[in-house]
Amino acid sequence: MSKPFFRADQVGSLLRPQRLIDARAAHETGKLSLDELRQVEDESIREVVKQQEACGFKVVVDGEYRRENWWIDFIRGLSGIEIREGQASQAFVAPKKNDCGCGHDHGKANDEADEGWKYVPKNVLTTGKLGLPNSVNATDFKYLKSTTDRVAKITLPSPTRLHFHGGREAVSREAYPDIEEFFADVVQIYRREIAALEDAGCRYIQIDDPLMTYFISDRLRAEIVASGEDPDARLRRYVELTNACIAQRKPETAIGIHVCRGNSRSGWIAEGGYQRIADTVLGGLKVDHFLLEYDDERSGDFEPLKAVPRGVKVVLGLVTTKFPRLEDAQDLERRIDEASKYIPLEDLAISPQCGFASTVEGNIITPDDQWRKLDRIIEVSRRVWGDQ
């Protein structure tokens, strides 16, 4: 059985419809029951699946409509965890007016950029022995699968999210006097979650790991140095950790890993090409394919793709989710041709650079912008590879 791989893919999160945003807010204030919220989520997921099918996608997602953001719901499902406010040094870079570089007035993006925007991701502390009482995503996947005859994809936050901010000091020494025992428990959690998803019929699991690009950033590497660690040694340990987490997947299960530079309200946290981490990350992760961010100059050039082992596929995130400007189809084709100098064309695909709503608020674009971009991805994939 061949593993799932699609010429037109997507990262996972989609803009939440206003009805769903309102329902979540009402639930948080006690005005809507959990069952009533679930009903709105179910209806919204059914609708967004139909929209993806109408676009022509052969792989569909639930838009992460049941989540607060890309990682926090999974981490909350673990035992032994405490989530706290982050530190100012970890703040995202806010989008600026006309950051997309096209010089056009982008309405909503211009109105909301430069207005005191600030996003600081929360930190994770391990306060006791880690555990996975129940699968966090299997039930959600079963519902998604029931809505479509296309391949359904689920996303998981990276295991690095449990450790990066704070490192050793974020992990209880009482619970884990030996940090390797902590990493061993993380591995068991991810193996159990992956097995539960496979038992539910999932054959395409995507791991989202923006934290590996933090090792590109001098600012974020300094956080590790200040803790007394070597950033390169920690990155190598993260690659080993991730490989161990996915090592027992079934032969027919595809594991893709999305490595971006942060995404919230069209902001980001890291910038720079993949070259600094290419040999360790692109050359070291034992995944079936990468989903990489290549939508602007922050992403660098395609030369780091030389580190990707032969036969490992790459989904090029060429279409930005951060700004409304619609990419030109011929420009996208030219960029795919450039990437094919490093990765064979038959091992390439196209997608957005990241999700459209990694946090519940979404990026500062409109739903129409989102669907035009997804349509463009289908259009370009068919022009380059045919209807595959």
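Atoms considered below: every heavy atom in the structure, side chains included; atoms not considered: hydrogens, waters and symmetry mates.
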Could you check V61 against Q52 for side-chain contact (heavy atoms from CB on, under 4.5 Å), going step by step and ending with a plain yes or no?
CA-CA 8 Å; V61 294; Q52 293 168 73; 3.5 Å; yes
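Clustering ILVMFWY residues whenever any of their side-chain heavy atoms sit less than 4.5 angstrom apart, transitively, puts L241 in the very cluster that holds I75. Linking Ile, Leu, Val, Met, Phe, Trp and Tyr whenever their side-chain heavy atoms come within less than 4.5 Å leaves L15 and I21 in two separate clusters. In the hydrophobic clustering of this structure, V187 groups with W71; members are Ile, Leu, Val, Met, Phe, Trp, Tyr whose side-chain heavy atoms approach within less than 4.5 Å, directly or through other members. With hydrophobic clusters built from ILVMFWY side chains whose heavy atoms lie under 4.5 angstrom apart, L235 shares a cluster with I179. Residues V312 and W385 are members of one and the same hydrophobic cluster, defined by side-chain heavy-atom contacts under 4.5 angstrom among Ile, Leu, Val, Met, Phe, Trp and Tyr.
Under 4.0 Å is where a charged nitrogen must lie from a carboxylate oxygen, and between E379 and R383 at least one such pair does. Ion pair D73/R67 not flagged as a salt bridge, since none of the NZ, NE, NH1 or NH2 atoms sits closer than 4.0 Å to an Asp/Glu carboxylate oxygen. Salt bridge annotation for E338-K341: absent, with no cationic side-chain nitrogen under 4.0 angstrom from a carboxylate oxygen. D288 has a carboxylate O that lies under 4.0 Å from a charged side-chain N of R249, or vice versa, which qualifies the two as a salt bridge. Looking at E82 and R84, a side-chain N of the basic residue comes within less than 4.0 Å of a carboxylate O on the acidic one, giving a salt bridge. Contact check on D42 versus R66 returns a salt bridge, with a Lys/Arg side-chain nitrogen under 4.0 Å from an Asp/Glu carboxylate oxygen. A salt bridge links K373 with E327: at least one charged nitrogen is closer than 4.0 Å to a carboxylate oxygen. Using a 4.0 Å cut-off between charged nitrogen and carboxylate oxygen, E53 and K50 do not count as a salt-bridge pair.
Side chain of D62 to main chain of E64: a donor-acceptor pair is present (N/O by atom type, distance under 3.5 Å, no hydrogens or angles). Checking side-chain atoms of K153 against main-chain N and O of Q10 turns up a donor-acceptor pair under 3.5 Å. With hydrogens and angles ignored, the 3.5 Å screen pairs a side-chain donor or acceptor of H258 with a backbone N or O of L291. Here the side chain of N243 pairs a donor or acceptor atom with the backbone of K286 at under 3.5 angstrom. No donor-acceptor pair under 3.5 Å is formed between the side chain of D295 and the backbone N or O of K322. Side chain of R76 to backbone of I81: no donor-acceptor contact under 3.5 angstrom is found. No donor-acceptor pair closer than 3.5 Å links the side chain of R173 to the backbone N or O of R168. Looking at R221, its side chain does come within 3.5 Å of a backbone N or O of F215 through a donor-acceptor pair. Remark: the backbone N or O of R372 is not paired with any side-chain donor or acceptor of D375 at under 3.5 angstrom. A donor-acceptor pair is defined here as one N or O able to donate and one able to accept, closer than 3.5 Å; no such pair exists between the side chain of R276 and the backbone of T213.
In this structure, I350 and R7 have side chains that are not in contact, with every pair of non-hydrogen atoms separated by 4.5 Å or more.
Between atom OH of residue Y294 and atom OG of residue S351 there is a gap of 12.5 Å, rounded to the nearest 0.5 Å. Atoms CD1 and CD, on I224 and E229 in that order, are 7.0 Å from each other to the nearest 0.5 Å. Residue I257 holds its CD1 atom at 12.5 Å from CD1 of I205, rounded to the nearest 0.5 Å. Here CG of L292 is found 6.5 Å from CG of L305. Values are rounded to the nearest 0.5 Å. The distance from atom NE2 of H289 to atom CD1 of I343, rounded to the nearest 0.5 Å, is 13.0 Å. A distance of 10.0 Å separates CG in L211 from OG1 in T242, rounded to the nearest 0.5 Å.
Side-chain contact, Y143 with R46: a donor N or O sits under 3.5 Å from an acceptor N or O. Judged by distance alone, the side chains of E174 and S172 never bring a donor and an acceptor atom under 3.5 Å apart. Looking only at atom types and distance, the side chain of S44 has no donor-acceptor partner in the side chain of E41 under 3.5 Å away. Side-chain N/O atoms of D208 and Q206 include a donor and acceptor closer than 3.5 Å. Side-chain contact of D22 with Q18: a donor-acceptor pair under 3.5 Å is present, judged by distance alone. With hydrogens and angles left out, the side-chain atoms of E169 and S227 include no donor and acceptor closer than 3.5 Å.
Across A8 and V59, no two heavy atoms sit closer than the pair O-CG1, 3.9 Å. Residues D369 and P324 approach most closely at OD2-CB, 3.4 Å, considering heavy atoms. Closest non-hydrogen pair, S13 versus S358, comes out as OG-N, 3.4 Å. The shortest heavy-atom contact between I365 and F323 is CG2-C, 3.5 Å.
Remark: K313 is positioned above the aromatic ring of F5, its terminal NZ or CZ atom under 6.0 angstrom from the ring centre and at most 45 degrees off the axis.
Checked against salt bridge (Lys or Arg N to Asp or Glu O under 4.0 Å), K31 has no partners two or more places apart in sequence or in another chain.
Below 30°, between 30° and 60°, or above 60°: for F183 and H163 the angle between ring planes is between 30° and 60°, a tilted geometry. Note on ring orientation: taking the six-membered ring where Trp is involved, the planes of F164 and Y238 are tilted (angle from 30° to 60°).
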Would you be so kind as to tabulate the donor-acceptor pairs closer than 3.5 Å made by side chains of residues 192-199, with sequence neighbours excluded?
{"residue": "R192", "atom": "NH1", "partner": "L132", "partner atom": "O", "Å": "2.8"}
{"residue": "R192", "atom": "NH2", "partner": "L132", "partner atom": "O", "Å": "3.0"}
{"residue": "E193", "atom": "OE1", "partner": "S135", "partner atom": "OG", "Å": "3.1"}
{"residue": "E193", "atom": "OE1", "partner": "V136", "partner atom": "N", "Å": "3.1"}
{"residue": "E193", "atom": "OE2", "partner": "S135", "partner atom": "OG", "Å": "3.3"}
{"residue": "E193", "atom": "OE2", "partner": "V136", "partner atom": "N", "Å": "3.4"}
{"residue": "E193", "atom": "OE2", "partner": "N137", "partner atom": "N", "Å": "2.9"}
{"residue": "E193", "atom": "OE2", "partner": "N137", "partner atom": "ND2", "Å": "3.0"}
{"residue": "E198", "atom": "OE2", "partner": "K250", "partner atom": "N", "Å": "2.8"}
{"residue": "E198", "atom": "OE2", "partner": "T253", "partner atom": "OG1", "Å": "2.6"}

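Remark: K142 NZ is loosely packed, at most 12 non-hydrogen atoms of other residues, nucleotides or ligands lying under 6.0 Å away.
Within the structure, the salt bridge (charged side-chain N to carboxylate O under 4.0 Å, His left out) test picks out no pair touching residues 182-191 (sequence neighbours left out).
The distance between the ring centers of F290 and Y274 does not fall below 6.0 angstrom.
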